[in-house]
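Here the structure comes first, spelled out in structure tokens, and everything after it is commentary.
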Amino acid sequence: MTTLAIANLLLGLAFLLIGLPLACRKVPMNNFYGWRTKAAFESDERWYEINAHYGRRMAKFGGMMPVGVVGLFLSPAHLLGYTIISCAVPLLALALPVERLFEKGNGGNSTRH
């Protein structure tokens, strides 16, 4: 269980450290780091807007860190439950943006009546 806990801890830390500078608009336009799409390269304003959005999403995966810390202190008897939770946290982090996409209808392009 320690290996899984350390992996969760490191994964959460990596996403947090990668996402926070983007979310805080600290990364200037470049070809190596950030959400690099044609739309993002249209202007500095678009670059920071798009990267702040995706940086916040990446930073949310930092939620893996508390799961990792808890795993360091659990007994082997709780391995199955811990493994399920370790899989559920990132899936929920992915599912929330997908749910919002469907909530808005067609990626937010339709209007509600």
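Throughout, residue positions are numbered sequentially from 1 according to the sequence presented. Keep in mind that the numbers below use all heavy atoms, side chains included, and drop hydrogens, waters and symmetry copies.
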Rounded to the nearest 0.5 Å, the CZ atom of Arg36 sits from the CG atom of Asn30 at a distance of 7.0 Å
If we only count heavy atoms from C-beta on, is the Phe15 to Leu10 side-chain gap below 4.5 Å? no
Once rounded to the nearest 0.5 Å, what's the spacing between atom CD1 of Ile84 and atom CG of Leu79? 9.5 Å
Of all the heavy-atom pairs spanning Arg25 and Glu49, show the shortest one and how long it is. NH1-N, 3.7 Å
So, for Met65 and Leu13, which heavy atoms are closest and what is the spacing to 0.1 Å? CG-N, 3.4 Å
Which pair of heavy atoms, one from Asp44 and one from Met29, lies closest together, and at what distance? OD1-CE, 3.3 Å
Are side-chain heavy atoms of Ile85 and Val70 found at a separation under 4.5 Å? no
Please name the pair of heavy atoms, one in Arg46 and one in Ser43, separated by the smallest distance, quoted to 0.1 Å. N-OG, 3.1 Å
Which residue in the set Tyr33, Tyr48, Phe32, Trp35 passes side-chain contact (heavy atoms from CB on, under 4.5 Å) when paired with Val27? Tyr33
Does the side chain of Asn8 reach to within under 4.5 Å of the side chain of Tyr82, using non-hydrogen atoms? yes
Distance, nearest 0.5 Å, that separates CD of Glu42 from OG1 of Thr37: 8.0 Å
To check you understand the geometry: which heavy-atom pair defines the closest contact between Leu72 and Ala5, and what is its length? N-CB, 3.6 Å
Could you check if a side-chain atom of Ile50 sits within less than 4.5 angstrom of a side-chain atom of Tyr54, using non-hydrogen atoms only? yes
side-chain contact (heavy atoms from CB on, under 4.5 Å) partner of Leu9, the single match among Leu4, Val67, Val69: Val69
Could you give the distance from CG (Leu16) to CE (Met58), rounded to the nearest 0.5 Å? 10.0 Å
